[in-house]
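To find a chain, count down the sequence lines: A is the first, B the second, and so on, and within it residues start at 1.
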Amino acid sequence: MTATQETQHSQAMTPLAAGFHDPVHDAQACFRAVMNAMARPGTRQSLDTAGLKPPAPLTPVAAALALTLFDYDTPVWLDKPLMTSEAVKAFLRFHTGAPIVSEPVEAAFALVANPGQMIPLASFNQGSAEYPDRSATVILLGQDFAAAQTATPAVTLTGPGIQDSTTFPVGPVPPVFWEQVTANSRQFPRGIDLIFAGTAGIAALPRSTRILPTEV
Amino acid sequence: MTDTAQIPDSVHEQGEYNFAYLDEQTKRMIRRAILKGIAIPGYQVPFASREMPMPYGWGTGGVQVTAAILGKSDCLKMIDQGSDDTTNAVSLRGFFEKTAGVRTTCETAEATIIQTRHRIPEKTLREDQILVFQVPIPEPLRYLEPRETETRKMHALEDYGLMHVKLYEDIAKNGHIATTYAYPVKVNDRYVMDPSPTPKFDNPKIDRMAALQLYGAGREKRIYAIPPYTKVKSLDFEDYPFEIQQFDKPCGLCGAENVYLDEVILDDKGGRMFVCSDSDYCEERRADGHLGPMAADPAAARVGNTKTGETVR
């Protein structure tokens, strides 16, 4: 066996990262975290990834979300760092069976590994006035909920799921992100929903949440 | 040796059903619908409702929602018209005991998920609780406009004039708004929603409730939701404001006032009593020593043990 053949052989034999250890209960626990996050916008919900070791740049929390929510019914769009990783695509294809699409507007879910360079939210499916539920859910990876470490100032949120108002420190996000989110919530009931995936927790921002102007 | 004898014991130990009956793909589909429902409060999300091992009208929508959110550490309470011990509640509780093996309870405070048919518990719900409604007809405009294509357009255009005409006609005919259950509400100033056939007595509880509310309609294949602390307004007119039912007597058994009461017929000579529709609330009050005017009545004592009361409409 030559050296080249050996390399090819070892590449083909790279073991596929495992999915949930307990697919039923791990998915349920992850879903409850997502549901609570969606029902209480801006709150951080802790999420135990149960030893998931997905190929980088896919993070364990994002992998848990994918295993919980994706299947053959949900076309998935990946941003450039994820799309260029064959290991990530193989992981998603094997464990979820979700078709990976190249056009953002066709996707039910989008995974964004590099939020700083994210394409505009308007590029995704916004749903229609008659079927607003058909819009995309965008998942931002590598988010940090600790206020001191984020570059962008915390925004103030109000709307369904929030008693009065709440501050939401999160980052990194693209430069004009909050303007986009404001425009997104203004077109309610159409619009996309956002899930922020951190290292051990998630938060969500459904389209119903309004962003209050930040006091300087 | 028979065929069955060759199946290893470990297979039998796994039980006959997947956890909470539904397969995982169905749960994912329902979960995605729930998330969209929460993101668009009051909007009815279409979902691929499955055939369940119970007839339509038995709560197949609520059962599917509960099965999709239920975890092994949850504690489930099932109520039917406020009562824990009527047929629907007993059989659905048994369904989840058998297929999910979760802890069940009759106590409102102990439950993490409460599935209900047509009532909201009297006790104020907390943030960590989830209320799942069984819904027969989710579309509030359905009796006014039978075409789904039209009602969908009306929701899209926020065209709810027809609903106000219906309430106006109530006033024109009866002198007051005669709708007493499934009273339409407007959620978050946008969607008109049917809060399922709960008595309008419960409508104020829906407004800014701390618990998440999920609504499931199995036959009509719709899921909708109200997130916690969401503004929910019962439709009315400035000169005919929304009012809830008033009862002139307290509960016959526990003496509770400002609760929803069921009429119970005691004999064929016109004897009757009114008791709490929320059986857990009534029992807890009696355990605390509260006694109603008919608590000592021998006929009432029988009613208190096996309640079969139907909601008065």
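Using a 4.5 Å cut-off between heavy atoms, A:Pro41 makes no contact with chain B at all. In this structure, no portion of A:Ala37 lies under 4.5 Å from any heavy atom of chain B. For A:Leu194, no part lies near chain B; criterion is any non-hydrogen pair under 4.5 Å. Contact of B:Asp23 with chain A is not made at all, since no heavy-atom distance falls under 4.5 Å. Both the backbone and the side chain of A:Ser135 come within contact range of chain B, each with at least one heavy atom under 4.5 Å from a heavy atom of that chain. Within the 4.5 angstrom heavy-atom criterion, atoms from both the backbone and the side chain of A:Tyr131 approach chain B. Heavy atoms closer than 4.5 Å to chain B are found in the backbone of A:Ile162, but not in its side chain. Both the backbone and the side chain of A:Thr137 have a heavy atom closer than 4.5 Å to some heavy atom of chain B.
With respect to B:Lys36 and A:Asp193, a salt bridge is recorded, a charged nitrogen being found less than 4.0 Å from a carboxylate O. Look at B:Arg32 and A:Asp71 and you find a salt bridge, because one of the NZ, NE, NH1 or NH2 atoms lies within 4.0 Å of a carboxylate O, short of that distance. With salt bridges taken as basic N to acidic carboxylate O contacts below 4.0 Å, one links B:Lys186 and B:Glu158. Look at B:Glu51 and B:Arg219 and you find no salt bridge, because none of the NZ, NE, NH1 or NH2 atoms lies under 4.0 Å from a carboxylate O. A salt bridge between B:Lys77 and B:Glu110 is absent, with no side-chain N of the basic residue lying under 4.0 Å from a carboxylate O of the acidic one. Using a 4.0 Å cut-off between charged side-chain N and carboxylate O, B:Arg142 and B:Glu148 make a salt bridge.
In terms of heavy-atom pairs under 4.5 Å with chain A, the best-connected choice from B:Ile69, B:Asn188, B:Ile34, B:Val45 is B:Ile69. For the set B:Pro41, B:Ala225, B:Ala210, B:Ala68, the count of heavy-atom pairs under 4.5 angstrom toward chain A peaks at B:Pro41. When B:Val187, B:Leu157, B:Leu212, B:Ile226 are compared by the number of non-hydrogen pairs under 4.5 Å with chain A, B:Leu212 comes out ahead.
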Decide yes or no on side chain to side chain contact (heavy atoms under 4.5 Å, CB included) for A:Ile100 and A:Arg93, but give the supporting numbers first. CA-CA 8 Å; A:Ile100 295 169; A:Arg93 281 204 191 99; 4.1 Å; yes
